[in-house]
Structure formats: C-alpha cells, structure tokens
Enquirer: 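Pasting a structure here, questions to come.
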Amino acid sequence: MSEERREDRDLYERVMEVSRRRGFLLPSCRIYGGARGFYDYGPLGALLKRKIEEKWREYYVYREGFMEIEAPTLLIGEVFEASGHVDHFIDPMTYCRECGEFFRADHLVEEELGIDAEGLSIEELERLIREHDLRCPECGGELGEVTEFNLMFRTNIGPKEGRDGYLRPETAQAIFIQFKDLYRWARQRLPFGVVQIGRAYRNEISPRQGVIRLREFTQAEAEVFLDPEDKRYPGRWDYERERLLFYPIEEQRKDDGEMLEMRVEEAVEEGLVSQPIGYFLGLTKRMLVEMGIDEGAIRARQHLPEERAHYARDCWDVEVRLDRFGWVEVVGIADRTDYDLRRHSEHSGEDLRAFEELDEPRIVYRPEPIMEKLGPEFKSDAPKIAEELRRIKAESREELEGGLTVEVDGEEIEVPPDCYEIVEEKVTGRRFYPHVVEPSYGIDRILYCVLEHNFDPEEGMFRFPAWLAPIEVGVFPLLKRDDMVRYARRIARELREEGFTVEYDDSGSIGRRYARADEIGVPYCVTVDHDTLEEDTVTIRDRDTTEQVRVPVDELPEILRGLIDGEIEFEEAGEPV
RNA sequence: GCGGCCGCAGUCUAGUCUGGUAGGACGCGGGCCUUCCGAGCCCGUGGCCCGGGUUCAAAUCCCGGCGGCCGCACCA
C-alpha cells in the first residue's frame, strides 16, 4: 500500500522528500509553523550550493576574467528610485469582494474613468473608486480596499525614521552605482564584466513551488559592459558552437510554433539573437549540462515584449524542463542597454560614462559664452543659456558665426554673436554610456534542477557528477571492530586534510551504509577490510556501477582526486575486485 | 489575495465520521551478531501545526491563524 502510494508521488514530491529528510532543503522557521517563500539549506544543501556557485565562478571569474564584488543587500532608497524599481515594483492593488479577482487599482481607475492615474496615492485611488462607485470589471462585485503592494522589502536605516532603505530586488544595482571605480579597475577598457553572487529579496504575493519562487533567493549576476557602437562580446571560449533549442518571439506567437535547434553561431548569423546574448546562452548551456542537467531539457526562450522588465530591450531566458512545473526560467540574459548607467548618472549627478580615445584627435569648434554680455541681456535665463551654448559643437568656425539659437525650457532663444566667443577645442576621444548585457542566474532554481535532473527515481538516489556531490567520499570499516574502525577513521581524517568532503559511517551493516551513501549521491566509498590490515590496501566502490577496485592506501588521495576530476576511469583506478 | 482539498514522531501511516487523552512500520541511537551491497535479534529515542472556544473530557467538534498541494490572480 505505502509502496503503491510512493509510486503515485511525482518527481518533485520525491525529490523534495529526500532533500528534506537528508538535509538538502528544509522549510525555514519550522518550529513556528514555517514561513512561506523561505527555505533553509541544510548541511548537504549548503555544500551543494557552494559547489554550484563555485562552478559559476569558474566560468565567469576564472575563465572570462570578470571582476567579482560583494556589496550590501540593503541599499538606500535613492538607488532604487534611480533604477526605476520604486516606480515599477510598487503597485497599488485592489480586489473584488465577490469573485476575488485581483486588480491594479491605478489601471482600473485609468480604464474606467479615462484619466491618468499614474502617481496617484493610495488614498486618492480609494477615494476615486468610492466616489465613482467603481465595480469589479469581471463580475460587478464590490471592490475591496486599495493597498500598496510592495514587491520590495522596505525599511529604515538608522534610529527612528532614518533614511529610506530597500532590500535589493536584484544584485545588479550595486554594480552600476560603483561603475566609476570598476571601470578604472578594468583599465578603462571595454568590454569588461563585473559579477556578484548574493541574496536578493522580493515580497512575492504568493510564493509556491518550494525553492522555485522564494522571497529571499540567491542570484549570480554578471554585468557585461559593451561599447554600443561595437556591441559584441569577444569571448575567449567556443560557447558559440553549442547547439541549443531556440524559442524566439515569432515562434511563440504562432499556433504551431516550434523550437528551433541550431548552433549559437547560426542563430547569431541569422539575426535570431545578438552576439553577446548568444555567447552567454551557449556558456550557460554548457554549464548546466556539466551539472548533470539533461541536454534536451534546456532551451532558450525570448521574452515577449509584454513580459520584459522596465529596463530591458531584449531578454532571453534559459529554461529547464521540470517534471511538475514544465519549462522553468533558471537564467535570464537581458540587454539592459544604457538604461541603468544613464539613470544613475541623472539621479546622482555623477558622470558614469566611458571614454574612448580616438586614433587621431579631432578639432572642433564651440561657442564659449561671455557672461558679461549674456547676463545683462538675458538676466535669470543666462545660466541656462550658457549651459546650452556649451553643448554646441561644430566642425567648422563658420557654422557658429552670426548668432545661434538655443532651446531653453521649450523656448527658442536667439543668442547674438557678441554673447559668445568661438573657441577651438581638441577632441581626443568620445564619451558614451556603455551598454550592459546581463546574464542573471537563479542559483536556488538551478540547485533544484540539479537535484531533480540527477535524481534516479528507480533507486531513489542522486547521481550527481562526482565533482558536484556534496559528500565526495564515504569511508567505512567492513566490520565494526576496533582495529578496522581505527584504520577507517584515520583514512577519513587524512582525506579531509586533503580537502575532500568525507563521511565516515560504521553503523548498521555495510550494505546499509552503501545505500545511505548512494541516496545522497556519494560517488565513491572506501572500505577498510581484513586485507587492509594485512597489506594496507582498501577498496573503492563506484556509486553508479557498484563495482569495486582495490588500491594502496597511500595512493588513495591521488586516485580519488583523479576520479572526482574525471581524469581517470574507474576501471583503471586499481585492481578490479 | 480568493476558492477547494489537507496538516499525527525524521518519513509513511492507523485512529477523526460516532469526543474518553495515540498505535504500527521504516528511520535514528545503543547493544548482540562479525557480515561487501538497505540481513537478524534486543533495548532505547521521538508525535497529534499554533491559538482560542464548546465540553467533566478535544488528534477528533466549532472559530481564527500558520503551513502544504491544486485552480484563479500575481510573478516588472
């Protein structure tokens, strides 16, 4: 009966059950009844997560050479005002008391009354709804109170009121606001990349699906700064040769739309994806496959215009197919253009532009305002006019002669020639806002995909790639006898000193210990037996074949390292048993 | 946030309808056994999601909360 029931449960349920029982993932705050949208990583989960993050670093930091920074998760309000998150992340909501339908209060007022409701306060929206007796557009029911739905967690910094702060809804902003220093550290040369791995927070209305939608989650983001005039990322690796399933907007809109399988380089050539996005799609696919995710269950799907974020011009998700949830976004690669740097420049007053030196300096001409003339002539408008004049550049002196027209506050103003002096200026380069292509990884989702895709439902165990297994080596005495126990403990200690994650186990029978190790995906188990005591050799058991080889104890660390790094085949690791 | 179903040791579950104070299996810890693939035997560990109400008495009935699953909505 219970066996039958076990088979009824879907993969998600089984994976989560093992994960909970063996300490990968557990609901937070359990003794207080749990907290939706929050999960703890248990001992094995924390190890696994670290290995995933480290693999990510291998790709982005060690191989691409991107700079890694780590910034606070709590940032002051101005940052998110500039980034657009305050406007785009806080929605006034209302709902129907009859049918329970949920609405954006401002959209509803706009549609029903035909007025611009943007920026209206909660109270004003509430008043408009009551005054005009607005009803539910679905069923005509009475509407509930208007509440501010705040996707960002807001707090105060400092005592009392203090300064506004938000827990970051994405890690990216911290990178943009440090652009000046980062650019300098990159020797002021584009392209360059900056990464960050860290927590981000979103107060989701209704988080579900375990670790797939969390209120606190881990992002690994890379911001790749590119020259908009040559918006390519010349990667040093061959990820563009990866084959991938592409699901572009046009196919999604067709009734019989299908995914197109091709190499990244072909997709770039055909104009399906931009080169930098393509490069990181290919990179991502290779990384996911390395983590044991099924190649056929990975695709690149382009965002439809209506689902794009406020900052994105184009965005492709890398999705992984899961048993229960279908295609799930695990990585988003967005073209953020110069949106963020421009906004932060405008809001902070800092110039966050890059500079490129020209091969040959150019001579340009510009009007330099003469304030003694401008002042008496235009009074209080003079400073603004001067500012506008300084913006004007010309190829030749003649273009500026005989007076100029500038626009100030929407008004055309004629500036007579005696109000400025034409000066010659040497231009040595151009200043511009770099564009940003952002591959953004949801580490928690990837971790769940890794669990599900490496889960063997027949045996009820994880078959992680050896390098990824949270516990790399199990060490057991064949019998729970003092001499074997001592020997095995010593081996376990020595392997730990060599940097392996090791589990020593002497409880129950040897078969039970292998089974326990299999369940959490331990790739190799070392057993101390009678021969070990005689001749200092041990057996290594391979998780996936259950075959064993016998090796000398003093070569054990080296052999295990080779096995885990995939440098030696198991059959060649020692004498077959 | 709405509606439906649900909540008992680490896991799976009997008991809930009909109120009388919780039983099993696996796991886990210890012991025996001395054994290379979840063996056996003995001992032990551990539970009614939280709060309130009804009642002499609540796992059981009622209300509220929290949490889980499904559908809707939300997920820039």
Side-chain angles (χ1 to χ4, degrees), chain A residues 1-6 9-10 12-14 16-18 20-23 26-38 42 80 83-91 93-104 136 138-139 141 144-145 147 149 151-152 169-170 202-210 212-215 217 303 306-312 315 324 328-329 332 334 459-461 474 476-485 506-519 525-531 538-539 541-543 545-548 550 577:
Chain A
M1 183 65 197
S2 89
E3 274 304 306
E4 252 171 64
R5 215 171 271 255
R6 189 168 295 257
R9 296 189 295 167
D10 69 5
Y12 172 77
E13 224 168 325
R14 295 190 62 197
M16 290 304 279
E17 196 266 312
V18 178
R20 229 199 76 49
R21 191 157 42 77
R22 299 305 307 271
L26 33 146
S28 289
C29 306
R30 241 174 68 88
I31 64 166
Y32 292 106
R36 251 199 300 189
F38 296 94
F80 299 108
S83 71
H85 285 90
V86 167
D87 287 338
H88 292 89
F89 252 61
I90 296 179
D91 298 330
M93 302 294 285
T94 185
Y95 63 96
C96 171
R97 289 191 201 276
E98 302 296 321
C99 66
E101 199 76 20
F102 225 66
F103 306 99
R104 283 278 297 265
C136 168
E138 298 290 314
C139 72
E145 66 277 13
T147 49
F149 179 65
L151 211 52
M152 285 196 290
E170 58 169 1
R202 295 179 193 183
N203 201 358
E204 301 281 356
I205 297 180
S206 156
R208 276 183 202 177
Q209 309 167 342
I212 302 295
R213 249 173 90 207
L214 294 170
R215 287 184 166 129
F217 55 101
H303 272 203
E306 56 267 30
E307 56 182 323
R308 283 202 290 256
H310 60 273
Y311 50 69
C315 184
R324 180 187 284 194
V328 167
E329 171 198 356
E459 301 295 328
M461 59 184 273
F476 316 138
L478 180 63
L479 306 178
K480 197 171 179 180
R481 226 171 58 183
D482 277 356
D483 46 358
M484 287 189 193
V485 165
D506 62 18
S507 75
S509 67
I510 188 74
R512 179 195 298 268
R513 304 198 290 252
Y514 286 142
R516 260 204 292 241
D518 283 345
E519 190 173 45
C525 289
V526 170
T527 300
V528 168
D529 58 15
H530 301 93
D531 293 346
V538 289
T539 59
R541 171 187 178 272
D542 176 49
R543 176 194 66 202
T545 61
T546 77
E547 314 241 304
Q548 288 178 303
R550 183 167 285 278
V577 174

Enquirer: Where each residue is assigned the nucleotide of RNA chain B containing its nearest heavy atom, which of A/G210 and A/Y311 is assigned the position nearer the 5′ end?
Expert: A/G210
Enquirer: Round to a whole Å and report the spacing from CG of A/L214 to C1' of B/C75.
Expert: 13 Å
Enquirer: Across the strands shown, which category fits A/R481 at heavy-atom distances under 4.0 angstrom: base, sugar-phosphate, nothing?
Expert: nothing
Enquirer: Please list, chain by chain and in numerical order, all residues satisfying ring pair (Phe, Tyr, Trp, His ring centres under 6.0 Å) with A/Y311, sequence neighbours excluded.
Expert: none
Enquirer: Is any side-chain heavy atom of A/Q209 closer than 4.5 Å to a side-chain heavy atom of A/R324?
Expert: no
Enquirer: Write down the distance between NE2 (A/H303) and C1' (B/C75), rounded to a whole number of angstrom.
Expert: 11 Å
Enquirer: Could you tell me how far apart A/E17 (CD) and B/G7 (P) are, to the nearest whole angstrom?
Expert: 18 Å
Enquirer: Establish whether the base of B/C74 is bridged to the side chain of A/R213 by a donor-acceptor pair shorter than 3.5 Å.
Expert: yes
Enquirer: Is the shortest side-chain N/O distance from A/K480 to OP1 or OP2 of B/C32 below 4.0 Å?
Expert: no
Enquirer: Looking for any heavy atom pair under 4.0 Å, which part of the strands does A/R308 touch: base, sugar-phosphate only, or nothing?
Expert: sugar-phosphate
Enquirer: Applying a 4.0 Å non-hydrogen cut-off, can you work out what A/Y12 is touching in the nucleic acid: base, sugar-phosphate, or nothing?
Expert: sugar-phosphate
Enquirer: In whole angstrom, what separates A/D506's CG from B/G31's P?
Expert: 9 Å
Enquirer: How would you label the contact of A/R543 with the nucleic acid (heavy atoms, under 4.0 Å): base, sugar-phosphate, or nothing?
Expert: nothing
Enquirer: Rounding to an integer number of Å, can you tell me how far A/L26 CG sits from B/U11 P?
Expert: 11 Å
Enquirer: A/R213 versus A/R202: any side-chain heavy-atom pair under 4.5 Å?
Expert: no
Enquirer: Side-chain N or O of A/R20 less than 4.0 angstrom from OP1 or OP2 on B/U11?
Expert: yes
Enquirer: Please determine if a side-chain N or O atom of A/Y32 lies less than 4.0 Å away from the OP1 or OP2 oxygen of B/G65.
Expert: no
Enquirer: Rounded off to whole Å, could you give me the CE-to-C1' distance for the A/M484 and B/C33 pair?
Expert: 15 Å
Enquirer: Over all heavy atoms of both residues, which pair between A/M484 and A/L479 is shortest? Give the atoms and the distance, please.
Expert: SD-N, 3.5 Å
Enquirer: At under 4.0 Å between heavy atoms, how does the protein contact nucleotides 36-50 of chain B? Give one character per nucleotide, 5' to 3', with B, S or -.
Expert: BBBS-----------
Enquirer: Could you check whether the side chain of A/R22 and the base of B/G27 have a donor-acceptor pair of N or O atoms closer than 3.5 Å, going by distance alone?
Expert: no
Enquirer: Is A/P27 close to A/R20 at the side-chain level, that is, under 4.5 Å between some pair of heavy atoms?
Expert: yes
Enquirer: In what stems does RNA chain B take part, counting only runs of at least 3 consecutive Watson-Crick or G-U pairs whose two distances fall under 3.5 Å?
Expert: B:1-7 with B:66-72, B:10-13 with B:23-26, B:28-32 with B:40-44, B:49-53 with B:61-65
